[in-house]
There are 2 protein chains.
Amino acid sequence: MSFIDKIHACNAWNPGDFVPLLLDGARVGWLRRSACDHLRRWPEQFAVESERVTWVGAPAEFAARTAVLDTIFDRLAEEGVVSHLHGERYPLTAGAREQACCLIDRACAPFLGARAFGQHLNGYVRTARGIEMWIGRRAADRRHYPLHLDNLVAGGLPHELSLVDNLRKECTEEAGIPRALADRAVVVGAITYCRDSAGGLKPDVMYCYDLELPEDFVPVCTDGEVESFRRLPLAEVAALVRDTDAFKLNCNLTIIDFLVRHGFITPEEPDYLEILAGLRAPLP
Amino acid sequence: MSFIDKIHACNAWNPGDFVPLLLDGARVGWLRRSACDHLRRWPEQFAVESERVTWVGAPAEFAARTAVLDTIFDRLAEEGVVSHLHGERYPLTAGAREQACCLIDRACAPFLGARAFGQHLNGYVRTARGIEMWIGRRAADRRHYPLHLDNLVAGGLPHELSLVDNLRKECTEEAGIPRALADRAVVVGAITYCRDSAGGLKPDVMYCYDLELPEDFVPVCTDGEVESFRRLPLAEVAALVRDTDAFKLNCNLTIIDFLVRHGFITPEEPDYLEILAGLRAPLP
């Protein structure tokens, strides 16, 4: 396997399998054709045509729109059409987080093909032997990717939290990183990808952070998301990404981006320019 | 002005103004319509149609192809159709440098709309006041961008040199950086852009390097490309990029990339995702 395979795996979707969800002339999501059929049950809300769905019944107000979608998704979750509700609030947006037209439950974002935003942090230590990276292993009871490897800290961005506040919170919960240390994290870019998943389309933005950790720092998980941590030489992490499916799928991309920025993946890599472009795939 | 304006300025071209140059079924360049008219004078070499030019007379051998183009460009340079010949050899390629089908003079790359490759190095110092960057000012006798600001080291990649060897050479010539110090440069990615210039189309790849310099290092130009150097706080460099046209156009992008990777341009920047995508524009 190669690095570019992992990038392709995060960018696998067929535009013909999805139709746009329109609100006020803007495209705010992408619906699988089976999702369109479910929305036909609310004809006063959704005009379902063969190549588009328009949210014609949307109230003018932000909170009222949110309430309409909550009612619909409560019903779809009861029926098992969406697998569960998460509880965290995500924006429904045609562009940036700040341009949300209303809120949705985090677990419903793929059903709507809504843009989702998250933060991924690579924690590393500079040693005499070279860079070593702290890697988590997800707990066995996780709904997604149980027992897979993960970045030191990674989490979705709920609507009501700023990037700084959410990163501090995730650093504390997932890895026991105190606030003063978390604040040394440097935002170094973002990765964009779009993937057809079981729950629907995922056009995702992952803001990426580097955090250089002291030699004696040892992470501790307090929220049960991770069962253990290991510190590995960068070459070993790179081999796990390139040659195995050990990592949660999108974490591979965060690490590939780190490997590029730190000169570990070089222009001599045959797919170098394709890797660079693939880390910033256009969002539909 | 804003950072995104500088990215747009490097990506300004109209596909309708150019037609593909084909060789053996692959597109190896893009010709302005006026360039097509010049190539009509060699009908045994070029089949010029309204929407494509095919190099039908190309010899099978690499060296013989190079010789054919040299003869043609000697003539076009004599007549002033191309402004000059540079002397350095560039690849003519549909993809990577290693996939060259023959060589061309560096100065003729835009006439053919050939992919060109270069290396840009940001030299910086970590101080108690924050990061400071070494900036060069181009000499008054430069053909391109005289007296404009420039990265500490930047140069095109001739065909016969490896990236490592060319970077060492440019570091010595342009900034007096000794080999041991140059070898500490870290390759951190590449920027791609495509621009309609006076000489033709420039679909360019700039490999980017970060070099952390000791506090007491002072660059010296030995090849006359740069007339002076200044060390400036990062905020001042960022303001020069954002608010002025002081820098050679493509150097703005190398600095914007540095500002992103070092956490100076953050997701709070309104055009953040557009900036990230714009630094890796698809090459035609």
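Every chain is numbered from 1 and lettered A, B, ... according to where its sequence line falls, protein lines coming before strand lines.
Counting heavy-atom pairs under 4.5 Å between each of A/A96, A/P267, A/P282 and chain B puts A/P267 at the top. For the set B/G189, B/A281, B/P270, B/C208, the entry with the most heavy-atom pairs within less than 4.5 Å of chain A is B/G189.
Put simply, CG on A/L276 and CD1 on B/I191 are 10.0 Å apart, with the number rounded to the nearest 0.5 Å.
At a threshold of 4.5 Å between non-hydrogen side-chain atoms, the residues B/V260 and A/V188 do not count as touching.
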With 3.5 Å as the limit, can you list every donor-acceptor pair between chain B and chain A, backbone and side chains included?
unit_1	atom_1	unit_2	atom_2	d
B/V187	O	A/G263	N	3.3
B/G189	N	A/Y272	OH	3.3
B/G263	N	A/V187	O	3.3
B/Y272	OH	A/G189	N	3.3
B/L276	O	A/R280	NH1	2.7
B/R280	NH1	A/L276	O	2.8

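In this structure, the portions of A/V187 lying under 4.5 Å from any heavy atom of chain B include both its backbone and its side chain. A/A190 touches chain B through backbone and side chain together, each having a heavy atom under 4.5 Å away. Interface remark: B/L273 contributes side-chain atoms only to the contact with chain A (heavy atom separation under 4.5 Å).
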